[in-house]
Structure formats: C-alpha cells, structure tokens
Amino acid sequence: MSIKAVAAKLFASKIYHQTQNWAQKPVETQHKIFNKLIKNAKETSFGKDHHFGNIKTIEDFQKNVPVRDYEDLKPYIEKVIKGEEDILWKGKPMYFAKTSGTTSGAKFIPLTKESMPFHIEASRNAILHYVYETGNTDFIDGKMIFLQGSPILTEKYGIKFGRLSGIAAHFVPRYLQRNRMPSWETNCIEDWETKVDAIVDETIKEDMSVISGIPSWVQMYFERLHQKSGGKKIGEIFQNFNLFIYGGVNFEPYRAKFENMIGRKVDSIELFPASEGFFAYQDSQKEKGMLLLLNSGIFYEFIKADEFFEENPKVLTIGEVEIGVNYVLIVSTNAGLWRYNIGDTVQFTSLFPHRVIVSGRIKHYISAFGEHVIANEVENAMKEAVASTNIVINEFTVAPQINPSNGLPYHEWFVEFENEPESMEVFAETIDNSMRKQNIYYDDLITGNVLRKVVVTKVSKNGFQDYMKSQGKLGGQNKIPRLSNDRKIADNLR
C-alpha cells in the first residue's frame, strides 16, 4: 500500500467522525448555520431591506423574506455584477457561476470566499467516506478523469465568470494534480465533441482508475473509446477502473448500458452539486440516498411539492421533514442566496442522518390533466421496464400528447434504444403499469378513460445528442430534462 493510500485511510477516518458529530444533531447544526448567516449579512443591502437586524428566530426570517427564484433575486444580482459591494453578502463574490436559465437565458450565481471551499470539501469528503466504509484505496494511485467545462474564466469588476466545473478546476488539490486528467490544454477546448475526442486520445493508453461526470456525457466518452480501441470494453482498456463518480441525473436509467460498455460492475458515488451549493453526497454504499450537508454554510427549508403553488404553503425545517415526501428545496447560503428556490425536489430516505434522493424538478413535471407526474416516477418505471425486458437504453424523455390525431390523449415516451425489446407492446405495458402503481392520479385518469396507456416512440441513434447540439447545449454540464409539461422537446425529437 502506498503512502498516499495510507494517508487517505487515516484522513477518511477523521472526516467520517467529524461528519457524525453534526449529522446526529441536525436541528442544532442548522440553527447555528442560520444564526451565522443572518449575523454576517445584516449590514448588506439585502439584509437592511429585509430587516435582518431585527431577526431573532426562523419565524422572523420567514415573515421578512419571501421565497424567491432567480428572476425575483435578479435586481440584486445585477447590482453585484456591476461591481457594487455588500449587496447580497459582505464584499463582492469571488466568482459568478454561469448556468442555463429556464425563463431568462443565462443565470449568474455568486460564489464567495466563504462558500467556495465547501464545494471542494464536499467532493473530497464523498470519496473519503467511500474509503472509510469500503477500505478500498486501489484507485488512489491511478489516473483520474473529471469531464467538466472549460476552466477559462472572464473577469469584470474584479469578479471572475465561468462554468461551475471550470471554476472548480482551479481548486484541484496539489496531491491530485499529477494523477488528474485531461490536460489543462484539453480541458480548455470549448467545443464538446472536439474535446471528447481529445480526451480519448489523451487517456486511452493511461491507467484510469476513477472516472467522473454526468452519466449521459460519460456515456459519449465511453462510446468514443470503444470506437477508437477497435471495439474493446472500457474495462479492458482501463483494467484498474473501479470507481465512477457522477451527479446531475439519476444513474439508474444508464446503469445497464454502462455495465455493458464497461464489461463489469464498478462502484459508484453519487453527488448533488449545483452552482447554488453542494447539497449532498452519497456517504454509504449500503444505504439509499445522499447525506444532506447540514454543516456547509447552507440553511435549508422544505415545502411539500403538492402544496408549493398554493398561496401560503407550509414551510418546514430539518426537524419537521418526513421520509418519502416530495419536497421543494429552498436554500439560504453564505454566497448570498436568500430563501432561494433552486428548482429541485427531494425525498428523504432516512433521518439521523438525513439522506435524500433528487426526485425531480418542480418545473419539470407532467400535469396536463392533473396527474402531476414527477421525474422519480418515470425513472422508476423505466428502470422496471428495462429490467423486465432485458434491454439497454441510451436516453429518454417524456411529454404529454394532448391533441392526438385520433383517440384519447396520452403520455409519449421518447426512447433511444441500444437494443430494442422483443415486444414494444410489453415494454410500454410494463411502463404504464409501474406508473399506475406509483401515481394514483395517473391511474385514475387511465381507469376513467381520460388518458390511454403510454405510447413509446423510438428515437434514432444519437438523436438526443443531435437535439442537444441543435440547442447549443452539447456539453458536460447540460442534460436532457427527464420530462416536460409541453411538446417543445418532443416536437424537436420528432
């Protein structure tokens, strides 16, 4: 065992026990974070506008500060972008992470000297928890690849702008630099397809042990490796590859395809990073869900998803949540986001410690007929259908068909198959039955002949990649919405 591996085990034990200290005291931990946030921001413009000086309790905070999305917070953010200080957080942010918006084009999310370290620590601690639990350090001395955005940043008024993953590239610890791939020059390539080809050329003869990225884009990397190597499995090319780290989307729809491409199963670690904060990571290979990071400069609130659009929905804190309920995640952070709706929904899988799964997006759902289908439900249905028919898919998305040329309306599932099921009818029936078991509203609509059963539409090879390319979103941080309440994506795929 190398010195680096021994050091990793010792450090992993230390981090694990530090984590347990706060994870077993969730309410106390969150109260400390809340008080610190209010204290540090009471002299900012936002703090003065919302009377932070008079806030003594969480209830005071909730009365003074409304829940906001990006558009609501944008007037403050624009002041910061123009170089003004002490607006949302003391001083000026170090960075603005540029990310895609749903209503206003690009969004710019601040990252401060207080918030940025937690992004880096969370990635590190996720790996250390894996080392602590499994004892596996085989990957420590191999090469590691992180498929990410370009690290080239622009600067204005002393604040640097870039993609979150590109910003994070500037914070890779020195002890990982020698093992890290691709090269800086390759990482700076903007065009995604050109970049993937360059990464393949750089890595195909290396001893890759850890691969990290959004599953859909790692899949593209694997496909190019397969072609370049003359048809070899990824596990043959990288014989010591034994850890896959991912985030951004649910891995389950991709798992069968990955295992087929790799030629064996490998361990995986799920992350929940966002420009707004690093919220959770998988801390155990044995337990479902990711550990919610309650001690990372973020104060969390939760609103039940089925109450979110009511006039005055009940807002819960960490001590009031329940397992299995779909919550909209609201955050206040040490980067100056206040009662900010990040758009994601979560469900708790355990309490003490609090673990979550990402169940979808509050704006990404289907409720054309009041069914309110969420991403977690369609992903579970697809997982069941794939398992029962022994097929492999590359990608899928779901949209309602409200005005069919004939017959009742339906949910249309657009699927890019690696290999098709023997019976498309059985495949669709399995999906439909799973959806009816998970969602009583959908079941009622089928039973009442308001909707007919799901329709599966085949998407041609690389159809989803072609769509993303046509939208200018072909790249490591972009992903297909799992479902939509309109036909924008569906009509393009057709």
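Residue numbers count from 1 along this sequence. Basis for what follows: all heavy atoms, side chains included, without hydrogens, waters or symmetry-related copies.
A salt bridge between K458 and E416 is absent, with no side-chain N of the basic residue lying under 4.0 Å from a carboxylate O of the acidic one. The existence of a salt bridge linking E223 and K257 is confirmed by a sub-4.0 Å separation between a basic side-chain nitrogen and an acidic carboxylate oxygen.
Residue pairs that meet the salt bridge (charged side-chain N to carboxylate O under 4.0 Å, His left out) test with at least one member in residues 278-301, sequence neighbours left out, are D283-R355, E301-R339.
Taking the six-membered ring for Trp and the full ring otherwise, the centers of F417 and F427 sit less than 6.0 Å from each other. Note: F258 and F244 meet the aromatic proximity criterion, with ring centroids under 6.0 Å apart.
For the residue pair Y340 and D69, no side-chain donor N or O sits within less than 3.5 Å of a side-chain acceptor on the partner. No side-chain donor-acceptor contact under 3.5 Å links N295 and T29. With hydrogens and angles left out, the side-chain atoms of T389 and E422 include no donor and acceptor closer than 3.5 Å. Using a 3.5 Å distance cut-off with no hydrogens or angles, the side chains of N334 and K113 do not pair a donor with an acceptor.
Contacts of Q227 classified as side-chain hydrogen bond (donor to acceptor under 3.5 Å, both in side chains), with partners at least two apart in sequence or in another chain: none.
Residues L164 and L111 have side chains in contact (heavy-atom distance under 4.5 Å, counting atoms from C-beta outward). For the pair V356 and T349, the minimum side-chain heavy-atom distance is 4.5 Å or more.
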